[in-house]
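Here's the structure, in structure tokens; my notes come after.
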Protein chains: 2
Amino acid sequence: MAGASRRGPYICGIDAAMDVVSGKWKGLILWELNAHRVRRFAELRRGLNGVSEKMLTQHLREMEADGLVHREVYPEVPPRVEYSLTVHGRTLNQALAPLGAWGSERIQREGSEVVDAAGA
Amino acid sequence: MAGASRRGPYICGIDAAMDVVSGKWKGLILWELNAHRVRRFAELRRGLNGVSEKMLTQHLREMEADGLVHREVYPEVPPRVEYSLTVHGRTLNQALAPLGAWGSERIQREGSEVVDAAGA
DNA sequence: CAGGATCCCTTAGGATACTG
DNA sequence: CAGTATCCTAAGGGATCCTG
């Protein structure tokens, strides 16, 4: 599968986590599913403004394979599929929180000087 | 510049943080510099087994531009350059810690069943 | 509605050779 | 030693069309 996770031998935890999170929309999908608990395909598409059907499907499938997302199919017509986070998805979201905070701070001070506390 | 950070408008903190961390070796560089405090180019290369000179330079330059890494050049011969983390680099490392822990746990249970606590 | 299939473009990543 | 320059491949991402 194209774009699937490596699942290869990892050097460290960051490595393994990044492997699972890398992908243009995965962070947002996590965010969306965490905020709404349950979302349908079309709802997610609207939430992730600009994502193509292919990419959304692909990311969703990878995240499902990685055990982050649960996919519930209702055998109805018209078809209905609901996505939600698994417990792993939720713990990942929590682990991501500090990083999100760091990023937010970074956005705040965008443009200000960059400190240097290197060797000095 | 190829592979440079977007620095574009970010949707959320995760987005901004991921932008700065994405890159095959950045996590490891952060790790190396955090562990050793100061590293020379060749030392980093050895630490990051398999990285090419080009990629190491490229990543280092991007991280420098992002204010994560400090580059100290000693005008000697033979040339000597020392890399270290800035305070931003160190806080990023701290923000990354929970994610690293999550990834480590994930590696541990590799192969075990993937829980499903979705809609149920 | 949800998504599979296909084609195409852009980007990340890497090998190698050369230089201050 | 610490890069820079160049070339190449692989993977990520996306548009569009088609189907259960």
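Below, read A as the first sequence line, B as the second, and so on, with proteins coming before strands; counting in each chain starts at 1. Since this is a predicted model, take the numbers as computed values, not measurements.
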Next on the checklist: Rounded to whole Å, please give me the gap between CG in L56(A) and C1' in dG12(D).
Outcome noted: 16 Å

Checklist outcome for this item: d(L60(A) CG, Y83(A) OH) to nearest 0.5 Å is 4.5 Å

Item to check | Test item: L85(B) and V69(B) side chains (from C-beta on) under 4.5 Å apart, heavy atoms | outcome: yes

Checklist entry - According to a strict under-4.0 Å criterion, is R80(B) in side-chain N/O contact with OP1 or OP2 of dA2(D)? => result no

Item to check | R45(A) side chain near dA2(C) phosphate (N/O to OP1/OP2, under 4.0 Å) | outcome: no

Item to check | Residue closer to the 5' end of DNA chain C, L60(A) versus P79(B) (nearest nucleotide) | outcome: L60(A)

Next on the checklist: One thing to verify: whether E64(A) and R61(A) come together as a salt bridge, which I'm taking to mean a side-chain N less than 4.0 angstrom from a carboxylate O.
Outcome noted: yes

Checklist entry - In whole angstroms, how far is the P atom of dC1(C) from the CD atom of E43(A)? => result 12 Å

Checklist entry - For Y83(A), which contact category applies under a 4.0 Å heavy-atom criterion: base, sugar-phosphate, or nothing? => result sugar-phosphate

Checklist entry - Rounded to the nearest Å, what distance is computed from the NZ atom of residue K24(A) to the P atom of nucleotide dG12(D)? => result 14 Å

Item to check | For atom CG of L44(B) and atom P of dA2(D), their distance in whole Å | outcome: 10 Å

Item to check | Distance in angstrom units between R71(B) CZ and dG3(D) C1', rounded | outcome: 8 Å

